[in-house]
Amino acid sequence: IRVEEKIVSDAVAAVISEIQRVSKVTLLGERQYVESARRAYNRLSEEEKAQVTNYADLLAAEAKISELEIAEAKRLIYAIGEVTFERADAIREARTFYDALSIAQQEQLTAEYAILTAAEQQLALLQPKLGDLDWDGKVTVSDVVELRKVIVSGVWDATVFYCGNLDGDGTLSVSDVVELRKRIVAG
């Protein structure tokens, strides 16, 4: 029986110690440690949980992480700035971060959500059509000519790269020209 009491006491002591380590959380990167402390606490029996004297510190650390996540979501959304094709990755990053938040956190970001969705809508209007290198709204032989010129010159911007990387290999090459021709023929 004493052995069981010792194990219980060690488990509680370990959780108390883990909570002490996260009680002064200040960085979003410390979230994993707070989550680990929560998991350790949740593994305890109800009797053991009652012995954890610093449970309020765990709740405070979780609240601080939540505040930091909300602040990071705001930072990412406001950092989008002017919506251009080059800001597509920033918009996607902000969306991914926002989607990972809890519903309660998202409810605190109504103004920022409006900014994010407006940015996504503006970006959708800016997105060029894959293969439309001359931006005339159609994929034609003139786009093949344009793609060949770009490949020969070796100089292109993000929009041209997006429109011309038809094979998805991360570079513009003859295989993109071949893929573009196939798409034109296929209609």
Common cluster, [X]/[Y], ILVMFWY with side-chain heavy-atom separation under 4.5 Å:
X      : Y      : result
Leu59  : Val12  : yes
Val160 : Val174 : no
Leu130 : Phe161 : yes
Phe97  : Tyr78  : yes
Trp156 : Leu180 : yes

List, one per line, each side-chain donor-acceptor pair under 3.5 Å for residues 24-34, sequence neighbours excluded.
unit_1 : atom_1 : unit_2 : atom_2 : d
Glu30  : OE1    : Thr26  : N      : 2.8
Glu30  : OE1    : Leu27  : N      : 2.7
Arg31  : NH1    : Glu69  : OE2    : 2.6

Can you find a heavy atom in the side chain of [X] that is under 4.5 Å from one in the side chain of [Y]?
X      : Y      : value
Val52  : Ile19  : yes
Arg87  : Leu123 : no
Leu109 : Leu101 : yes
Ser36  : Val22  : no
Arg95  : Thr117 : yes
Asn54  : Leu58  : no
Leu125 : Val83  : no
Val15  : Arg39  : no

Glu35 and Arg38: salt bridge (Lys or Arg N to Asp or Glu O under 4.0 Å), yes or no, with the steps? CA-CA 5 Å; Glu35 291 170 347; Arg38 168 53 73 184; over 6 Å; no

Scan side-chain atoms only and decide if Thr96 and Arg92 contain a donor-acceptor pair under the 3.5 Å cut-off.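 Arg92 and Thr96 do not have a side-chain donor-acceptor pair below 3.5 Å.
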
Kindly check if the number of other-residue, nucleotide or ligand heavy atoms within 6.0 Å of [atom1] ([X]) is above 12?
X      : atom1 : answer
Lys138 : NZ    : no
Arg148 : CZ    : no
Tyr113 : OH    : no

Please check: side-chain N/O of [X] versus main-chain N/O of [Y], any donor-acceptor pairing under 3.5 Å?
X      : Y      : result
Thr110 : Glu107 : no
Asp176 : Leu166 : yes
Gln106 : Tyr98  : yes
Glu18  : Ala37  : yes

Side chain to side chain contact (heavy atoms under 4.5 Å, CB included) between Leu172 and Asn165, worked out: CA-CA 6 Å; Leu172 297 183; Asn165 187 27; 4.0 Å; yes

Please report the shortest heavy-atom distance between [X] and [Y], naming the atom on each side.
X      : Y      : result
Asp169 : Ser175 : OD2-OG, 4.1 Å
Cys163 : Leu133 : O-CD1, 3.9 Å
Ser23  : Asp57  : CB-CB, 3.9 Å

Can you tell me how far the [atom1] atom of [X] sits from the [atom2] atom of [Y], to the nearest 0.5 Å?
X      : Y      : atom1 : atom2 : result
Leu116 : Ile80  : CG    : CD1   : 5.0 Å
Ile151 : Lys149 : CD1   : NZ    : 13.0 Å
Glu67  : Gln105 : CD    : CD    : 10.5 Å

